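Okay, structure first, notes after.
As the structure lists them, so they are numbered: ligands from 1, and atoms in each ligand from 1. Start at 1 with the first residue, then count along the sequence. What you are looking at is a predicted structure, and each value in this text was computed from that prediction instead of being measured.
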Amino acid sequence: MTMKPLDLFGVDALLGDEERDVQATVRRLVDDRLRPQLPEWFESGTLPREVARELGGLGLFGMHLQGYGCAGTNAVSYGLACLELEAGDSGLRSFVSVQGSLSMFSIHRYGSEEQKQEWLPRLAAGEALGCFGLTEPDFGSNPAGMRTRARRDGSDWILDGTKMWITNGSLADVATVWAQTGDGVRGFLVPTDTPGFTANTVHGKLSMRASVTSELVLDGVRLPASAQLPGAHSLGAPLSCLNEARFGIVFGALGAARDSLETAIAYAGTREVFDRPLAGYQLTQEKLADMTLELGKGMLLAIQLGRIKDRGEITPDQISVGKLNNVREAIAIARECRTILGANGITLEYSPLRHANNLESVLTYEGTSEMHLLSIGRALTGHAAFR
Ligand code: TGC
Ligand code: FAD
C-alpha cells in the first residue's frame, strides 16, 4: 500500500467540512478543466482572460472578503483554494491573488462606498479584472523610493510615472496605482481606458509564463478626486495589501510542491532503472521522505498561520515566516523532484520543472526571501537592517 505525502501528517483531520469542500471543489476545477491546458498556456506565454469567468463563477475572487458579491470564507479556505490553484500552476494562483488580495482588497479596505459598489461585484464575478501597481523599474524591494507622482490640478489629480512587473496589467479594467504626493503615498483607481495610461506586456519570461506581466506607463493621466482611495494615507496601505497576497502564497507554494512530489512518486514507481523500479532504491526513497517532511511541516505551518489569521491576530512578521519557509522549501522540492524524472523532467509533459521555474518568481515577488529574512531579523533583534 502507498500513501499520499500529506496523509502522514493527518492534515485532513485539521480541516473543517467547509474547508475540505472548498479544497475539493477547486482541485476538481483545476484537474478537470484547467490542468489539461496549462502546459500549452505556459508554452505560449499567456493566460486567457476567459479563465476569469470560470474562477469568478466559483466565487474564488476575493473569496475571503465580506459583501459586494464576495464569498466571505475564512482564511484557511482561501489558503486551500490557493494551494489547489498553484498545484495546477503558480500563474493561476497569481491570477486569483492579484484580483482578490491586491486589487479587490485595496478597494474593500481603502475605497469609498461608491468605489466598492462600482468595482467589487464585477471583480468578484470575473466580469472585470484588476491589477495592483506598486513596483517600479528602480524600486521593487524598496517601494518607499517610488517615483510615480500624483499632483493636484484643481480638484483633479494628474499621475505620471512607470510601474513594472505588474501581473494582469495588460488584461485589467482597473489598476490600483500607488503614487507619491506632497503628503506621502496615496492610492488611485485608474480605469485602464483613461487617456495617458498604457500597459505593455513583458515578453521573454522564463518563469510564470502562464500569467500576463506588464509595464504600466502613466503619462499625464487625469483623474477626478473621486478616483483616490480615501482610506489610504501612507505606504502602510499598500504594504497591508501585501499581507493578504503573501498569506495566499504561504499555502499556494505548497500546492506546487505537492503536485511535484506526487508526480515524482508516480514516476519513480513505474520507471525502471538497472532492471527495477526507481522507487525501490534507497537514494530515491531518501529524497521522497525528506521532501515529504518539508511539505508536511510547511502545511502545518500554513494551517497554524491560517488559524491565527482567522482569529484576527496575525502579524506581518508571522506571514514573513510562512512566505519565506514555504516558498524556499517548495522550490527545493520542485527541483529535487525534477532530478527523479531525469531527462523526462525537462519537458512540459511533467510539472516539476514548470513549478520550479514559476517558483523563481514567487521567491522574488511579494517580498524577496532576503526581505522576509530581514523582517524576521528585525522582529528578533529590534534592529532594521534594510538600509
Ligand atoms: P517601514 O518603515 O517598515 O513601514 C512603512 C509603514 O508601513 C507599515 N508596514 C506595514 N503595514 C502592514 N503590513 C505590512 N506588511 C507592513 N510593513 C510595513 C509600517 O508599520 C509603517 O507604518 P507607519 O504608520 O509607521 O508609517 O517601511 P520600509 O520602507 O522600511 O520598508 C520595509 C519593507 C522592506 C519590509 C517593505 O518595503 C517591503 O515589504 N518591501 C517588499 C516590497 C514587496 O513585497 N513588493 C511586492 C509588490 S506586489 C507583488 O509583488 C505582487 S506579485 C503577484 C502575486 O501576488 O501573485
Ligand atoms: P530588487 O529590489 O532590485 O532586488 C534585487 C536583489 O537584491 C534581491 O535578491 C533582493 O532580495 C536584494 N536586496 C534588495 N534590497 C536588499 C537589502 N536591503 N539587503 C539585502 N539584499 C537586498 N509588483 C507589483 O507591484 N505588482 C504586481 O502585480 C507584481 N507582479 C509580479 C509578477 C512577477 C512574475 C514578478 C517576477 C514580479 C512581480 N512584481 C509585482 C514585482 C515584485 O514585487 C518585485 O520584483 C520584488 O518586490 C523585487 O523587486 P526587484 O525585482 O526590483 O528586485
Any idea which protein heavy atom is nearest atom 17 (N) of ligand 1, and the distance to it?
Leu239 CD1, 3.6 Å
What about Thr135: any of its N or O atoms under 3.5 Å from an N or O on ligand 2?
yes
Validation row, ring centre Phe188 to ring centre Trp157 under 6.0 Å:
yes
Evaluate the 4.0 Å heavy atom contact test for atom 52 (S) of ligand 1: does a protein atom fall under the cut-off?
yes
So does Asp17 have more than 12 non-hydrogen atoms from other groups sitting under 6.0 Å from CG?
no
Heavy-atom proximity to atom 14 (C) of ligand 2, picking from Gly133, Ser214, Ser141, Pro238, points to Ser141
For atom 37 (O) of ligand 1, the option (of Ser240, Gly367, Gly248, Pro143) bearing the nearest heavy atom:
Pro143
Judging by distance only, is a nitrogen or oxygen of Glu370 under 3.5 angstrom from one on ligand 2?
yes
Based purely on interatomic distance, does Phe132 place a nitrogen or oxygen under 3.5 Å from a nitrogen or oxygen of ligand 2?
yes
Atom 8 (C) of ligand 1 - nearest protein heavy atom and its distance
Gly236 CA, 3.9 Å
Consider every N or O of Phe139 and every N or O of ligand 2, then say whether any pair is closer than 3.5 Å.
no
Test your reading of the structure: does Thr167 have an N or O sitting under 3.5 Å from an N or O of ligand 2?
yes
Please list the nearest protein heavy atom to atom 26 (O) of ligand 1 with its residue and the distance rounded to 0.1 Å.
Ser234 OG, 4.5 Å
What part of Arg378, side chain from CB on, backbone N/CA/C/O, both or neither, has a heavy atom under 4.0 Å from ligand 1?
side chain
Residue, atom and distance of the protein heavy atom nearest atom 45 (N) of ligand 1 read Leu242 CD1, 3.7 Å
